[in-house]
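Right, one structure below, let's go through it.
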Amino acid sequence: MADKQLVLVLDFGGQYNQLIARRVRECGVYCEVKPCTTPLEKIKELGPIGIIFTGGPASVYAPGSPDVDSGIFSLGVPILGICYGCQLIAKHLGGRVVAATEDSAREYGKTETSFDTSCRLFRGLPEQGITWMSHGDYMEKVPDGFALAARSAACPTVAICDESRGIYGVQFHPEVNHTEHGTDMIHNFLYEACGARGDWTMGDYKNIAINAIREKVGSGKVLLALSGGVDSSVAAALVAEAVGSQLTCVFVDHGLMRLNEGDEVEAAFAKWDINFVRADAEELFLSKLAGVSDPERKRKIIGEEFIRVFEAEAKKIGKVDFLVQGTIYPDVIESGAGNAAVIKSHHNVGGLPDYVDFKEIIEPLRMLFKDEVRQLGRELGLPEYLVMRQPFPGPGLAIRVIGEITKDKLDTLRLADFIFRDEIAKAGLEGSMSQYFAVLTNMRSVGVMGDGRTYDYTLALRSVTTSDFMTADWTRIPYDVLDRVSVRIVNEVPHINRIVYDITSKPPATIEWE
C-alpha cells in the first residue's frame, strides 16, 4: 500500500485496538496496527500521516508498563492518545498522572461530557454528549502548552490538545458505539489534524491487489482450499480475477454444509475461467464420524480428513508454485506480532502447511477486516448470499448435531435450519442479528401430532447480536416470527416435535452449542 496515506495505531494492550483501526478505515484512511515497541526508525520509514496510541490495562507509572520512544513526539506527526495513550502523552511531555480516588476522577461506563468545540478534535460537534469511560487513573497536571478540551462532572481533564503540535489526548474511547459522535471525532483527527485525503477504497484495493498477484505469480500455478466461507471465497475470487486458469480451487464437500450451500458455492465461481474441483467426500466423512459423540473428537476427525482429501486432490494437480490462504487482519493481530500480546493462535498465520509442495504462500486479504472483505467480495461481483454468508464453524453441522451424527440427522437439521433462516429473511431481520442457526439436540420428548403420540427430537434455535463475537447477547426475535418458524418446522420437517429458543448470552454460554 505504498501509494496510500498511512495512519499507525500503536498497540498498548487495549481491548478495542481492532475497533480503532476499523473506525479509521471506515473514514477512508488506510491504517495498520503495530506493537508499541516498534522502533522509531521503523515508524519514520513507514511515514505515517498520523499516529494513534491505544488504551491499555496498565498504569503509566507502574514499573514495566508499556511505553514508547519519546522521540516520537519530535517527528512532527499528529498524535491522538486514547485513555492509556492520553496518559502516556501527559507522562512524556511534563504532565502528571495519578491514581484516581474513589470519589473523584475515576470513571467507568457512559458519562455526560462537555466539549470545547474550538478544538479541532470536536469541531462541528455538539458541546454536550455521552462518552464511554474506562479509566482508574487521571491527569492531575496537564503538560505545558496543552489546553483542556473536554470535562465531566468527576474529571476536569477528559481531553487535552496542543493544536500547534497536533497532539491530542482523550480519557474516553471514541471508537466504541457508546460514545456519541465518536467516529466523527476520529474523522476530525484524520482530516482536520492529519490532512487525510481519504484515499482508501475497496475498489482501489482490488486493482492494486490484482496487479500485485499477477506480478508475483507470473506464469506459476496457484492452489486454494475453498471452504465456501466468506474469507476463502473472496480470496478465490480475487486470485481468479488476477490469474484465471492458473488457479485451482479445491472445494472439499464433506456433506456437513447447510442446505444447497455446496451447489451455491460452485455456481458462484462459474463466471471465472478457473479449475474448480469439487471433491465429494460425504461418505468418507460420515464413515469416519460414525458412533462419535464427543465434539472435540468430531473436530479432530474432520480436520484430519479435510487435510487428507485436500492433499489427495492437490497431488492430482502436480506441483504448484503458490498456495492461497484466506487469512484476514484480525487473525494477524490476534496471533501477535513482535511484542504484541497473543490473544489466540490461528491455524493460517505464521506457518506454512507441510502437506502440499509449493514455494510460497499468498494471503491477499491479510490486511483487511471482515467488513472490508465483504465489500471487496461485492467489488469482485460475488453474489450477496455468499458475501453475507452466516458465520459457520469449520466442522460444519457436525457440531450442531448434538451426539452421534447420521445422514438422516444432518438432513433433518439442514431443512429445519433453512426454514429458520428463510423466515428471518422474510421478516427482514437479517441485519438485526449477527449469527442465527438451528441445533438438533439429542433429547427426545413426547408429543402429539394428529391423533397419535410421537416421541421425537427437540430442535433448539439460537440467535445472537455482537460486535466482536467475544461477547454476545441473545436476540429478541418477535414472538410472531418465532411462532411461524416453529409451526413450519414441526409441520415440514420429520422427526421434530418440539422447538426451544436459547436465551443465554455469552458469557456464560458460548455462541455454538459444541
Side-chain angles (χ1 to χ4, degrees), residues 7-27 29 31 33 36 50-60 65-66 68 78-91 97 100 105-116 119-122 125-126 128-139 148-161 167-190 193-194 330 333-334 340-341 343 369 371 466-471 473:
V7 167
L8 278 186
V9 177
L10 292 186
D11 180 1
F12 291 91
Q15 61 180 320
Y16 302 126
N17 298 347
Q18 288 188 32
L19 196 52
I20 296 170
R22 284 180 60 192
R23 293 289 179 260
V24 172
R25 293 193 186 180
E26 285 168 4
C27 291
V29 181
C31 76
V33 179
C36 62
I51 299 171
I52 299 177
F53 295 171
T54 74
S59 296
V60 294
S65 59
V68 70
I79 295 172
L80 170 61
I82 295 174
C83 200
Y84 181 91
C86 174
Q87 295 158 11
L88 199 64
I89 290 171
K91 174 191 171 187
V97 178
R106 179 179 296 175
E107 295 174 303
Y108 296 99
K110 295 181 180 180
T111 305
E112 185 72 36
T113 307
S114 300
F115 304 99
D116 178 356
C119 171
R120 282 196 192 111
L121 210 58
F122 309 121
L125 304 181
Q128 300 283 332
I130 297 295
T131 61
W132 184 261
M133 300 283 192
S134 181
H135 66 94
D137 297 340
Y138 83 107
M139 289 175 288
L148 294 177
R151 68 183 187 279
S152 67
C155 181
T157 58
V158 167
I160 57 172
C161 66
I167 301 178
Y168 304 84
V170 295
Q171 294 270 45
F172 57 89
H173 289 273
E175 70 273 21
V176 302
N177 289 330
H178 299 301
T179 294
E180 294 175 347
H181 302 287
T183 300
D184 294 328
M185 297 171 194
I186 293 173
H187 187 279
N188 280 352
F189 173 69
L190 298 171
C194 302
I333 296 172
E334 290 180 353
I343 300 171
F369 288 103
D371 52 340
T466 177
S467 61
D468 55 13
F469 288 88
M470 301 298 290
T471 62
D473 192 16

Inset, instruction - From the options Ile79, Leu121, Val170, Asp184, select the one residue that forms a side-chain contact (heavy atoms from CB on, under 4.5 Å) with Phe189. - result: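 Filter result, single survivor: Leu121.
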Inset, instruction - Give the C-alpha distance, both sets of side-chain angles, the deciding distance and a yes or no for side-chain contact (heavy atoms from CB on, under 4.5 Å) between Cys36 and Asp11. - result: CA-CA 5 Å; Cys36 62; Asp11 180 1; 5.8 Å; no
[atom1]-[atom2] distance between [X] and [Y], expressed to the nearest 0.5 angstrom:
X	Y	atom1	atom2	answer
Leu10	Ile51	CG	CD1	6.0 Å
Trp132	His173	CH2	NE2	9.5 Å
Arg23	Asn177	CZ	CG	5.0 Å
Ile20	Arg25	CD1	CZ	13.5 Å
Ile130	Thr179	CD1	OG1	9.0 Å
Cys161	Leu80	SG	CG	11.5 Å

Inset, instruction - Would you confirm whether the ring centroid of Phe53 sits within less than 6.0 angstrom of the ring centroid of Phe12? - result: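 When the ring centroids of Phe12 and Phe53 are compared, they turn out to be within the sub-6.0 Å range.
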Closest heavy-atom contact between [X] and [Y]?
X	Y	answer
Thr54	Gly14	OG1-N, 4.1 Å
Gly55	Asn17	O-OD1, 4.3 Å
Ala193	Tyr168	CB-CE1, 3.8 Å
Glu180	Gly129	OE1-CA, 3.4 Å
Ser65	Ala58	CB-CB, 4.1 Å
Thr111	Ser152	CG2-CB, 3.8 Å

Inset, instruction - Check the pair Gln171, Thr157 against side-chain contact (heavy atoms from CB on, under 4.5 Å), reporting the backbone distance first and the verdict last. - result: CA-CA 8 Å; Gln171 294 270 45; Thr157 58; 4.3 Å; yes
Inset, instruction - Would you please classify the geometry between the Phe172 ring and the Phe122 ring as parallel, tilted or perpendicular, with 30° and 60° separating the classes? - result: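 Tilted: the ring planes of Phe122 and Phe172 meet at 30° to 60°.
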I want to check something: taking the side chain as every heavy atom from C-beta on, are [X] and [Y] in contact at a cut-off of under 4.5 Å?
X	Y	result
Arg22	Asp371	yes
Ile82	Glu175	yes
Val24	Ile186	yes
Pro66	Tyr84	yes
Cys155	Val158	yes
Leu125	Phe115	no
Ile52	Leu8	no
Asp473	Thr466	no

Inset, instruction - Would you check if the side chain of Lys91 reaches a backbone N or O of Val97 as a donor-acceptor pair within less than 3.5 Å? - result: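 A pair under 3.5 Å: no.
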